[in-house]
> 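Below are the structure tokens for one structure; questions will follow.
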Amino acid sequence: MTSLTLFVLCGLMHICRGHSEKFPPNFKFGAATSSYQVEGGWDADGVWSRALTPSHCGRRPVSCSVPLMGLYYDDDESSHKEIRGKGQSIWDRFVHENRDKIANNATGDVAADSYHLWREDVRIAAEMGLQFYRFSINWPRILPTGFVNEINEVGAKYYSDLIDALLAEGIEPVVTIYHWEMPVKILDLGGWANPLIVDWFGDFARVVFNLYADRVKTWITINESVMFCDYFYNIGQFYKEPEFAPFLCNKHVLLAHATAYRIFEKEFRPKYEGRISLSNSVIWIEPASPKDKQLAELGREHVTGRYSHPIFSKKGGWPHSIEKLMLSYSLKQGYNQSRLPAFTKDEIEFVKGTADFFALNHYSTLMIRPAQQGESGKWFLSGSPELNAFLKNPPNASYGVAHDLPVYPTGIRRQLAWIKKRYGDIDILITENGFSTTGYNLEDYDRINFMKKYLEQVLLSIKVDNVSVIGFGVWSLMDNFEWLSGYKHKFGLYEVDYENEKRTRTPRASAYFYACLIKNRSLHIAGECLHMYHSKFKRLVPNGTTITQNGGVLLTAVLLFFCKL
Ligand code: NOJ
């Protein structure tokens, strides 16, 4: 074989591999953040007044200084109402009262200062070529009291400007309505354990739809309820009550989500297109040994099914296995009914079918086995008394800085297949997946490796398992306030300089990798781009054709044609 033939064959294999690794055209790449974690501006916008009759104000615009969302800021009218700027969320209050519980006593008061630097966020999202950017709405920024009696239009305008700027760059805004920033008053009234939250959340969602549904086409009502229902009530993040609260919260979350969905369906979908879901899960569960297979399935129903079955299954309602288990466990405990609150027939119908796609946050995999004597864990990270099960990290897993998130790439493929098997051939949008590092370090090759490995599994899921995965959102666009870990655990494609009051955003190597992946839609080519980046070819989006530069453009065309045959 001549060296030319060898060269052509190698080139052919190279290109064909890149071609088969391509993500399908309907697959979208994005990145995510959440409001408390990036915005700052925790008490922004002071107190301002609003004319009680905006139409009157509209007739005399001279006295109404600042037009906001079609309404007017009014400072010289006697018939005005005082409106607070942003109200306090439970995270504002928690970090201020519990500085010692957060790494380095950090707060989200300023965070990445996205409340002021949102143009920068749009710039970096565009620089990477993101197809969507998922951010969340801070409930008390728009409704300072939590209720609809006051709307902070200055806060509402913030999200409106952000949406417009994203659209101007061709980036789709994906909006999460609730990413854990509950107004304090609502927590004081019982939060997710109070059934009235179903309507309060519905009211909030209607305000949000009214403001943005003309431009936002993909909605996530609620983010990772298993985290704030199961985990938070178990560890006592805001209130400790592991017996009833997780399950009340679970039911109310489902009803609140369904209420928002039904409002959208009736009042907004006819005018504006749009699709809605809620973000679920976090972990995949594997049996620790072959005899734990049944337990693993029960674990999956407990962690994912309880939040999905009522919406996505044909029958609706709780997963049967969990309903049965909770009843017998509760009776054994001496209660006269299940701690898992029942749904009425109407509620089952009301919740069923209230999602247009499945939104999945996936980070990690845990192994399940029966608990040994005296071993107790907290659902969903270390075990469950109800399941009499213990969760442990997979052997030989690797880690970022977060030890509770072992890296186990095949888990995502198995989870995607499970969703399809349980709920049918539904579109799945991966709303979060990410890797944590620590310290200031732009050369984040471990993160790139993580992204490659997980995305390889996603590609196999699409191409081999025929699962309809329609997109992937990296957590996170930039370093942010990682809850109790403060700014120590960094998930960003962009590093944020928290020592600098300008909160400068700088791309990490992973941002270059992702930009190249988005442009070329192939993991293989993205690897090549990174190689070029590594050899200090620091153009943000290297052109995919450069991988064949040795063979020349004609050869590229021939090979590409051949690959397609
Ligand atoms: C999922 C949560 O939605 C997000 O808020 C958090 O920062 C990431 N997991 C990483 O822990």
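Counting starts at 1 for both ligands and their atoms, in listed order. Numbering of residues begins at 1 and proceeds along the displayed sequence. This structure is a prediction, so every number in the text was calculated from the model and none was measured.
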> In terms of ring plane angle, is the pair Tyr514 and Phe29 parallel, tilted or perpendicular, where the classes change at 30° and 60°?
perpendicular

> At a non-hydrogen distance cut-off of under 4.0 Å, which region of Gln37 contacts ligand 1 (side chain, backbone, both, or neither)?
side chain

> Among all protein heavy atoms in this structure, tell me which lies nearest to atom 2 (C) of ligand 1, with the distance rounded to 0.1 Å.
Glu432 OE1, 3.3 Å

> Within ligand 1, which atoms have a heavy atom of His179 less than 4.0 Å away?
2 (C), 3 (O), 4 (C), 5 (O)

> Examine the proximity of ligand 1 to Met227 and report which part, side chain or backbone, both or neither, has a heavy atom under 4.0 Å away.
neither

> For residues Thr437 and Asp444, is any side-chain donor paired with an opposing acceptor at under 3.5 Å?
no

> If we ignore angles and hydrogens, is there a donor and acceptor under 3.5 Å between the side chains of Asn194 and His252?
no

> What atoms in ligand 1 come closer than 4.0 Å to a heavy atom of Glu482?
6 (C), 7 (O), 10 (C), 11 (O)

> We want to know whether Glu297 and Trp418 form a side-chain donor-acceptor pair, criterion being a heavy-atom distance below 3.5 angstrom.
yes

> Just need the protein heavy atom nearest to atom 8 (C) of ligand 1, so name the residue and atom and give the distance.
Tyr363 OH, 3.3 Å

> When you check the side-chain N and O atoms of Asp230 and Tyr307, is any donor under 3.5 Å from an acceptor?
yes

> Within the 4.0 Å heavy-atom shell around Asn223, which atoms of ligand 1 are there?
3 (O)

> Please report whether the ring centroid of Phe228 lies less than 6.0 Å from that of Tyr178.
yes

